[in-house]
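In what follows, a structure is listed as structure tokens, so that the remarks can point back to it.
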Amino acid sequence: AKAEEWKTHVEHLLDVASRDEPPHKATAAWISRLKDKEHRKLSGVGLVDSRAERVRQTMTLGAWLDTYIAERVDVKESTRKTYEKGRDSLIAYFGRSKPLRSITPEDAKKWRIWLSTQGNRRDKNRADLGDATVRRRTGKAKQFFAEALERGLVDTNPFAKLQSHVTANTARQFFVPAQWIESCIMHAPDAGWRTILALARYGGLRCP
């Protein structure tokens, strides 16, 4: 019975292929039920598109970013939040339904300009983002597309040549006078806070 079923549907596929027409609903439903190994037999002789190629052609930006982030169960919550911020910045500009393969290096450059001039979605008093933030978001975009490239979902990484190395923002550096810290230590509520303030100012330690 299975052999007869295969014969019927394969003959139909050969017939519609010769006339460049899609298969009937019954054959299309049969194809969708095939196991991957069986499906590859048909795609190998050109009777159907490979499932991998179909995913490659139809993958959208939103679907890929959600998939990638959901898979990264190996990262800390703080890292996941940076992924989500990178995703949100890309979707805010391109939209969720943007075909992944359609994003070009020119699109990536325009996105980076938009990100630096209009990408601030948290501060209502300013539209631009700091250079370090722009570089971090660009780094995440590179990471997302590098993985897509490795999986064969895209042919190139359109963000590959954009600057993403984060450098110190000297404009935000400030020397804290010792007398300020001494005053803070004097008014600190307990020994724990006094220790934190002293370590931060005199020990040069990063204290959250």
Side-chain angles (χ1 to χ4, degrees), residues 61-96 98 100 103 105-151 154 156-208:
L61 177 65
W64 165 241
L65 296 179
D66 288 346
T67 296
Y68 178 80
I69 293 173
E71 289 179 353
R72 295 305 305 271
V73 295
D74 59 317
V75 300
K76 296 180 180 178
E77 184 60 26
S78 57
T79 301
R80 177 177 292 276
K81 289 187 181 299
T82 66
Y83 289 168
E84 291 172 351
K85 289 178 181 178
R87 174 196 61 192
D88 294 346
S89 293
L90 288 165
I91 290 176
Y93 182 78
F94 291 110
R96 290 189 58 85
K98 179 77 170 176
L100 194 67
I103 298 176
E106 182 180 2
D107 291 332
K109 290 178 183 178
K110 290 179 179 178
W111 168 79
R112 197 177 193 281
I113 293 172
W114 170 86
L115 187 63
S116 74
T117 58
Q118 303 175 54
N120 195 328
R121 306 178 69 190
R122 295 181 60 186
D123 189 346
K124 295 181 179 180
N125 297 317
R126 52 179 291 195
D128 60 312
L129 281 177
D131 183 64
T133 301
V134 171
R135 287 171 181 258
R136 280 193 291 271
R137 301 279 174 87
T138 302
K140 288 297 173 285
K142 281 185 178 181
Q143 181 177 342
F144 297 148
F145 275 78
E147 181 65 22
L149 177 61
E150 186 171 329
R151 298 192 192 188
V154 294
T156 60
N157 184 343
F159 298 85
K161 294 185 178 180
L162 299 182
Q163 292 185 345
S164 59
H165 178 67
V166 179
T167 57
N169 185 354
T170 56
R172 299 184 66 181
Q173 293 180 358
F174 180 78
F175 179 81
V176 180
Q179 54 266 39
W180 289 17
I181 292 297
E182 292 297 334
S183 178
C184 289
I185 291 175
M186 186 183 304
H187 290 84
D190 53 45
W193 273 104
R194 289 193 289 273
T195 301
I196 290 172
L197 291 167
L199 288 173
R201 175 59 176 82
Y202 301 115
L205 301 182
R206 294 183 63 182
C207 297

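Remember, predicted model here, so these are calculated numbers, not experimental data.
Under the 4.5 Å side-chain criterion, counting only non-hydrogen atoms from C-beta, T82 is not in contact with R137. At least one side-chain heavy atom of K98 sits under 4.5 Å from a side-chain heavy atom of I103. Here the side chains of I185 and L197 are in contact, with some heavy-atom distance below 4.5 Å. Residues K110 and W114 fail the side-chain proximity criterion, which asks for heavy atoms closer than 4.5 Å.
Here T79 contributes atom OG1 and E77 contributes atom CD; the two are 9.0 Å apart, rounded to the nearest 0.5 Å. Separation of atoms CG (L115) and OG1 (T138) is listed at 6.0 Å; rounding is to 0.5 Å. With rounding to the nearest 0.5 Å, the separation of CD1 in I196 from SG in C184 is 12.5 Å. Once rounded to the nearest 0.5 Å, the distance linking CG of L65 with CD of E84 reads 11.5 Å.
Shortest non-hydrogen contact noted between G62 and I91 is CA-CD1, 4.1 Å. Taking every heavy atom of both residues into account, Y83 and Q143 meet most closely at OH-NE2, 3.0 Å. The two residues G119 and L129 come nearest to each other via the heavy atoms O-CD1, 3.7 Å. L162 and A108 make their closest contact through CD1-O, 3.7 Å (heavy atoms, listed as atom of the first residue, atom of the second, distance). Listed here is the closest heavy atom pair of L100 and A148: CD2-CB, 4.0 Å.
For residues 175-208, the pairs satisfying ring pair (Phe, Tyr, Trp, His ring centres under 6.0 Å) are F174-W180, with sequence neighbours left out. Counting only residues at least two apart or in different chains, salt bridge (Lys or Arg N to Asp or Glu O under 4.0 Å) contacts with residues 141-151 comprise E71-R151, E147-R151.
Judged by distance alone, the side chain of D128 and the main-chain N or O of S116 form no donor-acceptor pair under 3.5 Å. Between the side chain of R112 and the backbone N or O of Q163 there is at least one donor-acceptor pair closer than 3.5 Å. In this structure a side-chain-to-backbone donor-acceptor pair under 3.5 Å is present from T195 to A191. With R96 contributing its side chain and L61 its backbone, the two residues share no donor-acceptor pair below 3.5 Å. For the pair S183 (side chain) and Q179 (backbone), a donor-acceptor distance under 3.5 Å is absent. Remark: side-chain polar atoms of R80 are paired, donor with acceptor, to backbone N or O of R72 under 3.5 angstrom.
Ring-plane geometry between F159 and W111 is classed as perpendicular, the angle between the planes exceeding 60 degrees on a 0 to 90 degree scale with a lower cut at 30.
With salt bridges taken as basic N to acidic carboxylate O contacts below 4.0 Å, none links D190 and R194. With respect to the salt-bridge test (charged N to carboxylate O, under 4.0 angstrom), the residues K109 and D107 do not qualify.
Taking the six-membered ring for Trp and the full ring otherwise, F145 and W64 have centroids separated by 6.0 Å or more.
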